[in-house]
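By convention in this document, chain letters (A, B, ...) are assigned in the order of the sequence lines, proteins followed by strands, and residues within each chain are numbered from 1. In what follows, every heavy atom counts, from backbone to side chain, and hydrogens, waters and symmetry copies are set aside.
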2 protein chains.
Amino acid sequence: MDRTTDAVGPRGKRADAQRNIAAILDAALECLVRNPDANIAEIARRAGVGRVTLYGHFSSREDLIDQLFARTLDRADRALEAVDLTGDPRAALSRLVASSWQIVDQFRHLLDAAQRSLPPARIRAAHEGPMRRIAGLIERGRAEGVFRTDLPATWMVALVHTVVHAAADEIAEGRLAEPDAARVIDATLQAAYAPPAG
Amino acid sequence: MDRTTDAVGPRGKRADAQRNIAAILDAALECLVRNPDANIAEIARRAGVGRVTLYGHFSSREDLIDQLFARTLDRADRALEAVDLTGDPRAALSRLVASSWQIVDQFRHLLDAAQRSLPPARIRAAHEGPMRRIAGLIERGRAEGVFRTDLPATWMVALVHTVVHAAADEIAEGRLAEPDAARVIDATLQAAYAPPAG
DNA sequence: GGTAAATTGAACATGCGTGTACGACTTACC
DNA sequence: GGTAAGTCGTACACGCATGTTCAATTTACC
């Protein structure tokens with residue numbers, strides 16, 4: 001309502017403070033994706049600020065993770081929102097995978113950290129949004145007869161997360177080239193989703 | 001060579017000591033599967049022994065996890081070994097899934113804990129055995145033309161772990177009934193492995 | 001039944017991560 | 001250019017898990 005209600009810009013914080021807050025969140029994301037147990041000192045160091053400064057902006061480790069979680073979720077949601085899910089569900093699935101598998105994976109790593117310090121209810125609520133979008137696509141594909149109906153829809157939703165995660169792991173292990181990831185993920189999901197022959 | 005070289009029975013340990021060692025390993029497995037960060041006190045309590053006793057048999061947390069890891073791996077390997085992998089690779093895959101998905105999942109949970117305290121080389125070496133068996137089946141299926149060859153074989157191997165893990169998670173979340181698991185896993189893998197239509 | 005092995009709990013040392021208090025310093029902003 | 005807001009490092013308190021020591025007690029085994 002005032003002037004700059006960015007949903008990010010805290011009331012009347014000074015410019016350097018806002019910059020530091022962003023740097024801390026960025027650093028936290030990098031650190032926690034690499035190691036879910038990364039400590040506050042490490043995050044502060046990577047953000048280029050003192051540990052005390054970090055605590056000046058985030059009351060506790062839990063608070064930091066919670067806010068980072070919210071920010072990342074928001075971004076992921078926005079990225080998924082940008083994907084056109086109309087038309088042939090199979091093509092829509094391909095588009096969804098191509099444009100968001102990295103985000104989904106990044107989110108999943110952060111989830112690891114979140115599960116260690118956030119209440120389960122918070123986690124569950126966070127899934128809600130993105131899940132619904134994928135679930136909708138799958139339901140439509142089933143209704144139109146291009147996706148199989150002999151497996152639970154919830155299972156097919158879970159499969160997306162899983163396959164993306166596996167691909168990311170394979171890349172990390174050096175067994176899969178990053179440019180191939182989207183193709184492999186898509187081919188696997190399309191095959192798994194197709195109605196059984198006969 | 002002596003008399004009872006069970007590969008389990010340490011030299012001349014007293015009967016109660018051997019019993020306790022087994023109880024500790026069992027307790028560790030249960031605790032670590034539920035929570036990869038379970039502490040020694042908790043494991044000792046569940047095993048029904050004092051913490052000091054535990055340290056009497058295992059020099060450190062790392063040592064305990066390492067030995068548990070070895071034992072579990074050995075069991076998993078033995079269970080997989082019992083499966084008949086000859087004949088139609090598709091049927092062999094079904095048998096493999098049906099008779100060992102629980103074990104694979106249990107192993108995977110333990111892996112979580114192991115990754116926190118064991119050197120990566122140890123983990124890698126552990127995978128070797130079971131992996132080879134699955135990889136062999138997949139290679140044969142590809143050679144016989146019943147499995148697809150347009151995706152990396154390593155990816156198809158990874159998919160087994162992944163899909164089993166996902167199913168276990170779905171069960172834990174209450175979205176999948178345990179008796180349905182084998183069917184769902186099998187249907188998913190068969191679809192993902194089948195050569196693309198054309 | 002005697003002996004050595006094994007178990008026990010309590011107490012202690014240590015290391016690590018979190019979160020706080022303080023005083024001095026620097027920076028943004030009017 | 002003044003002032004409040006922000007930052008910094010050090011130091012400290014606290015909780016928690018690991019691993020060790022010790023003396024007393026129980027247990028297996030010949």
Asker: Starting at atom CG of Leu64(B), determine the distance to atom C1' of dT18(D), rounded to an integer number of angstrom.
Answerer: 13 Å
Asker: If you find the nucleotide of DNA chain D closest to His57(A) and the one closest to Arg61(B), which residue's nucleotide is nearer the 5' end?
Answerer: His57(A)
Asker: Rounding to a whole Å, what distance do you find between Glu62(B):CD and dA17(D):C1'?
Answerer: 16 Å
Asker: Expressed in angstrom and rounded to an integer, what is the separation of Leu54(A) atom CG from dT18(C) atom C1'?
Answerer: 12 Å
Asker: In whole angstroms, how far is the P atom of dG6(D) from the NZ atom of Lys13(A)?
Answerer: 7 Å
Asker: Look at the side chain of Arg14(B) and the base of dA6(C), then say whether one donor and one acceptor between them are separated by less than 3.5 Å.
Answerer: no
Asker: OP1, OP2 of dC16(C) versus side-chain N and O of Asn39(A): anything below 4.0 Å?
Answerer: no
Asker: Using whole Å, what does the distance between atom C1' of nucleotide dC22(C) and atom OH of Tyr55(A) come to?
Answerer: 17 Å
Asker: How about CZ on Arg132(B), more than 12 heavy atoms from neighbouring residues, nucleotides or ligands closer than 6.0 Å, or not?
Answerer: no
Asker: For dT7(D), take OP1 and OP2 only and decide whether either is under 4.0 Å from a side-chain N or O of Asn20(A).
Answerer: yes
Asker: Asp16(B) CG to dC29(D) P: how many Å, rounded?
Answerer: 7 Å
Asker: Taking CZ from Phe58(A) and P from dG17(C), how many angstroms apart are they, rounded to a whole number?
Answerer: 20 Å
Asker: Atom CD of Gln18(B) and atom C1' of dA28(D): how far apart are they, to the nearest Å?
Answerer: 12 Å
Asker: Side chains of Gln106(A) and Thr72(A): any donor to acceptor distance under 3.5 Å?
Answerer: no
Asker: Could you say whether Ile40(A) or Val52(A) is positioned toward the 5' end of DNA chain C, judged by the nucleotide with the nearest heavy atom to each?
Answerer: Ile40(A)
Asker: Hey, is the side chain of Arg51(B) pairing donor to acceptor with the base of dG19(D) inside 3.5 Å?
Answerer: yes
Asker: Could Arg133(B) and Asp77(B) be called an ion pair, given the rule that one side-chain N must be under 4.0 Å from one carboxylate O?
Answerer: yes
Asker: Give the ring-plane orientation class for His109(B) versus His165(B), where under 30° counts as parallel, over 60° as perpendicular and anything between as tilted.
Answerer: perpendicular
Asker: Can Arg46(B) and Glu42(B) be counted as an ion pair, charged N to O under 4.0 angstrom?
Answerer: no
